[in-house]
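Report on one structure; see the data block that follows.
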Amino acid sequence: MNPSFQEQKLLIYNSLTRKKETFVPLKAPHIGMYVCGPTVYGDTHLGHARPFVTFDLVFRYLTLLGYKVRYVRNITDVGHLENDADEGEDKIAKKARVEALEPMEVVQFYTVQFHQMMDKLNVKRPSIEPHASGHIIEQIEMVKQILDKGFAYEAEGSVYFDVEKYNREHDYGVLSGRKIEDLISNTRELAGQSSKRNPFDFAIWKNAEPAHIMRWPSPWGNGFPGWHMECSAMGCKYLGDQFDIHGGGMDLLFPHHESEIAQSTIANGKAPVRYWMHNNMITINGQKMGKSLGNAMSLMDLFSGNHPLLEKAYSPMTIRFFILQAQYRSTLDFSNEALQAAEKGLKKLLTAAETLSKLTAKKDAQEQGVAKMMQSCFDAMNDDFNSPMVIAQLFDAVRLINSVQDGHSSLNQQELDQIKELFRIFVFEVLGLVSEESGAENDILDGLMQTIIQLRQEARARKDYATSDVIRDQLGALGIVLKDGKEGTSWEQK
RNA sequence: GGUCUCGUGGCCGAGUGGCUAGGCAGCGGUCUGCAAAACCGUGUACAGCGGUUCGAAUCCGCUCGAGACCUCCA
């Protein structure tokens, strides 16, 4: 009973207009969505988790609504400069020299790690995951087109985009709200930029210094593509001149996405993207987390608890839930307290999901408003993917489930089926949460536990509470919690 | 300096003009041999000042505070 997009009015906040707009795809039921992927030269960190979980949510929801989504998320393995001075070198090349590795070895290592981390977070793989290094030809072609149309110029083996000329006919600043006059007064003069006509012009092809390892031949000499080319070229190649959604972190809005619009508009004759979506940052003590700020926390650190700022390890699902508890356009502040709250909340939700599978219906039970909960979840998602509202609704359902379990309420068959559907759709398909139960599937362990529980049960029957409490305490020290319920004792690993 | 965003109860975080967001923590109760879990109840929250309005956390102005972008960054 999955819903169809024809029945839903989906609102998406468009960074271009700074408003929520009704989402109308170019060619329904097909949707093209491009999201800026990671630069694979370092550990995947908490900050990376946010856009990929966010757009995973978007991908999952659009798919649920029956759209055929082609989701493209690139791997940046060339092209980003250490700084934009001419002697700047490719980040990946630099790392490679430091570690005496082949650049592609570094790329491979961190790409694999990135995939592992995303898998742990239950982030679905995109439809296409193109590498920038595999699309050098396409990028060179696009540079040629821009040159042919007269919106770029060659200087000292590099090709620069002529922002001022572009701005005469188009608006360089549509997305970021910047004005070219402000850019003139605010752009820093950096050493080695003498070959640019204007400091705010950006490279679409860079000449490679002799020491630069990552280099490709081009009509302008050996070099590598400029910062923003890969997304323009690969977006166009796989999604066409114009596609529906482009996503990424807010920090990419300027200059990355602004420049992408300019390049693509010239090369293809039309604005590339209809809906621009930007997720906000994760902050740590109120400050943006970032490698350059020295407060980055890798996902491996989080999962292992091995970091000075961490009181304990947090599971991947806890991180996912933590991210989904905030709307994607808000900043999300990290703290141990907040993560521990998320951890407990998630456990409550998933325990209820398990309880739900064992509930039985009662004939003629009163209506409990399950249909309304379902509708509220759709309303929340339709309002710019408001996952915290979905979660709030789900907790109302949790209370209902637990109260049925306790015998304080009851559900008729229809509503029981509906609430199961609610969990299937929203907890598992849309929010993408999965149970992380460990140990329970181990037959030997479970057999042992049943034996122990039975022995303790006999002690309790004799009112030998000293013995029963010793058993419980010692298991507790091993991280096993016993819960005495009406229908016997259950156990779980903490 | 320029552009922009934000400031919600102990913590995280929804909410854009009138109706209990939610989670975590706390407090009281039910259940339990005791716990745990669950359930029930429980909070004079909207940075400050002024304005608009019958009515503002929500709109406008000012003040204070925080952050982002302007350089690679999710």
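We name chains A, B, ... by the order of the sequence lines, and we start the count at 1 in each one.
- Comparing C72(B), C39(B), A35(B) by their closest approach to the side chain of Arg472(A) singles out A35(B).
- To the nearest angstrom, P of A74(B) lies 16 Å from CG of Leu302(A).
- Counting only heavy atoms from C-beta on, Arg18(A) has its side chain closest to C4(B) among C4(B), A35(B), C70(B).
- In the set A74(B), G2(B), G33(B), the nucleotide with an atom closest to the side chain of Met281(A) is A74(B).
- Asn402(A) comes within 4.0 angstrom of sugar-phosphate atoms only, judged by non-hydrogen atoms across all strands, and of no base.
- Using a 4.5 Å cut-off on side-chain heavy atoms (C-beta onward), Phe334(A) and Thr283(A) make no contact.
- Electrostatic pairing of Asp56(A) and Arg60(A) counts as a salt bridge here, judged by a charged N lying under 4.0 Å from a carboxylate O.
- Counting non-hydrogen atoms under 4.0 angstrom, Leu349(A) reaches nothing in the nucleic acid.
- Residue contacts for Lys463(A): at a heavy-atom cut-off of 4.0 Å it reaches no nucleic acid atom on any strand shown.
- Here Asp484(A) pairs with Arg456(A) in a salt bridge; the nearest charged N to carboxylate O distance falls below 4.0 Å.
- Under 4.0 angstrom from either OP1 or OP2 of U3(B) there lies no side-chain N or O belonging to Lys179(A).
- Taking only side-chain nitrogens and oxygens, Ser176(A) never comes nearer than 4.0 Å to OP1 or OP2 of U3(B).
- Checked against the 6.0 Å centroid threshold, Phe55(A) and Tyr71(A) do not count as a close aromatic pair.
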The dot-bracket string of RNA chain B, counting Watson-Crick and G-U wobble pairs with both distances under 3.5 Å, using [ ] for crossing pairs and | for pairs to another strand, is (((((((..(((.....[...))).(((((.......)))))....(((((..]....))))))))))))....
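- Distances from the side chain of Asp406(A) to the nucleotides A38(B), C12(B), A74(B) place A38(B) closest.
- A distance of about 33 Å separates the P atoms of G1(B) and G10(B), rounded to the whole Å.
- Side-chain proximity of Ser335(A) to the nucleotides C24(B), A74(B), C11(B) is greatest for C11(B).
- Residue pairs meeting the salt bridge (charged side-chain N to carboxylate O under 4.0 Å, His left out) criterion with at least one partner in residues 324-336 of chain A, sequence neighbours excluded, are Arg329(A)-Asp384(A).
- Nucleic acid contact for Tyr465(A): base, since at least one base atom lies under 4.0 Å from a heavy atom of the residue.
- Gln327(A) comes within contact range of the sugar-phosphate backbone alone, with a heavy-atom separation under 4.0 Å but no base atom that close.
- Atom CD of Gln454(A) has 12 or fewer heavy atoms from other residues, nucleotides or ligands within 6.0 Å.
- Ring geometry, Phe385(A) versus Tyr61(A): the interplanar angle exceeds 60°, so the pair is classed perpendicular (tilted spans 30 to 60°).
- In this structure, Asn279(A) places its CG atom 18 Å from P of U5(B), rounding to the nearest Å.
- Classification of Lys312(A) and Glu343(A) as a salt-bridged pair holds, one side-chain N sitting under 4.0 Å from a carboxylate O.
- When heavy atoms are screened at a 4.0 angstrom cut-off, Ser409(A) is found touching no nucleic acid atom at all.
- Non-hydrogen atoms lying under 4.0 Å from RNA chain B are contributed by Asn386(A), Pro388(A), Met389(A), Ala392(A), Phe395(A), Arg399(A), all within residues 386-401 of chain A.
- Tyr13(A) and Glu21(A) are not linked by any side-chain donor-acceptor pair at a separation below 3.5 angstrom, with hydrogens and angles left out of the test.
- Distance from the side chain of Lys483(A) is smallest for A37(B) among the nucleotides G33(B), A37(B), G13(B).
- Among A74(B), C12(B), G13(B), the nucleotide with an atom closest to any side-chain atom of Ala338(A) is C12(B).
- Phe161(A) has its ring centre less than 6.0 Å from the ring centre of Tyr166(A).
- Of the candidate nucleotides C39(B), G23(B), G33(B), G23(B) has the atom nearest to the side chain of Ala341(A).
- If you check C69(B), C24(B), G23(B) against the side chain of Arg178(A), the one that comes closest is C69(B).
- At least one side-chain nitrogen or oxygen of Ser330(A) sits closer than 4.0 Å to the OP1 or OP2 atom of A14(B).
- Of the residues near RNA chain B, Ala342(A) and Tyr328(A), the one whose nearest nucleotide (by heavy atom distance) lies more toward the 5' end is Tyr328(A).
- In this structure, of C12(B), A74(B), C69(B), it is A74(B) that holds the atom nearest to the side chain of Met289(A).
- For the P atoms, the distance from C49(B) to U42(B) is 30 Å, rounded to whole Å.
- Lys348(A) has a side-chain polar atom (N or O) that falls below the 4.0 Å cut-off from OP1 or OP2 of C24(B).
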